[in-house]
Amino acid sequence: MDEFIADVKSMTTEYLGYEANALVIQLAIERFVSLRNYPSSYTDEMKLSDMRNNIAKIAMAVVEIDAKDGIEGQTAHSESGYNRTYSDGIMAYKDVIGFANVV
């Protein structure tokens, strides 16, 4: 997993021009895992393989989360009231489909 995190960090550093916060990378990975809703039969290796297949989406989610730190990425802005509005979800994950688990 450490190698995967380093690969995501490398991709985002190349895109952003600076190193993304480790917490932001962890949040993006956790959100992806949550959305995928892996079956209990999935091993850590299977999950990591799936995440590797979707590394670009995870890296773009890191960029998107990082962009929401400032004025970029806002859906609305009010200068005098300092109101800022962002989209609720992470747009980089809009095509991520979770597994259907049997109850």
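Since we're looking at a predicted model, the values are computed, not measured.
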Report task. Could you state whether Val96 and Met60 fall into the same hydrophobic cluster, counting links through intermediate Ile, Leu, Val, Met, Phe, Trp or Tyr residues with side-chain heavy atoms under 4.5 angstrom apart? Result -> no
request  = Check whether Leu16 and Ile58 end up in the same hydrophobic cluster, where Ile, Leu, Val, Met, Phe, Trp and Tyr are linked by side-chain heavy atoms less than 4.5 Å apart.
outcome  = no
For Val62 and Ala28, the nearest pair of non-hydrogen atoms, with its separation, is CG2-CB, 3.5 Å
Side-chain heavy atoms nearer than 4.5 Å, only ILVMFWY residues, links allowed to pass through others: does that put Tyr93 and Ile29 together? yes
Determine whether Val8 and Met51 make a side-chain contact, defined as any pair of heavy atoms from C-beta on separated by less than 4.5 Å. no
Leu48 and Phe4 have their tightest heavy-atom pair at CD1-CB, 3.7 Å
Sequence neighbours excluded, the answer for side chain to side chain contact (heavy atoms under 4.5 Å, CB included) partners of Ile97 is none
Contacts satisfying ring-ring contact (aromatic ring centres under 6.0 Å, His included) that involve residues 44-64 (not counting sequence neighbours) are none
Residues passing the ring-ring contact (aromatic ring centres under 6.0 Å, His included) test with Tyr38, sequence neighbours excluded, are Tyr42, Phe99
For Leu27, the hydrophobic cluster (side chain heavy atoms closer than 4.5 Å, chained through members) also holds Leu23
Residue pairs meeting side-chain hydrogen bond (donor to acceptor under 3.5 Å, both in side chains), one or both in residues 7-26, sequence neighbours left out, come to Asp7-Arg52, Tyr18-Asp66, Gln26-Glu30
So the salt bridge (Lys or Arg N to Asp or Glu O under 4.0 Å) pairs with at least one residue in residues 35-51 (sequence neighbours excluded) are Arg36-Asp50
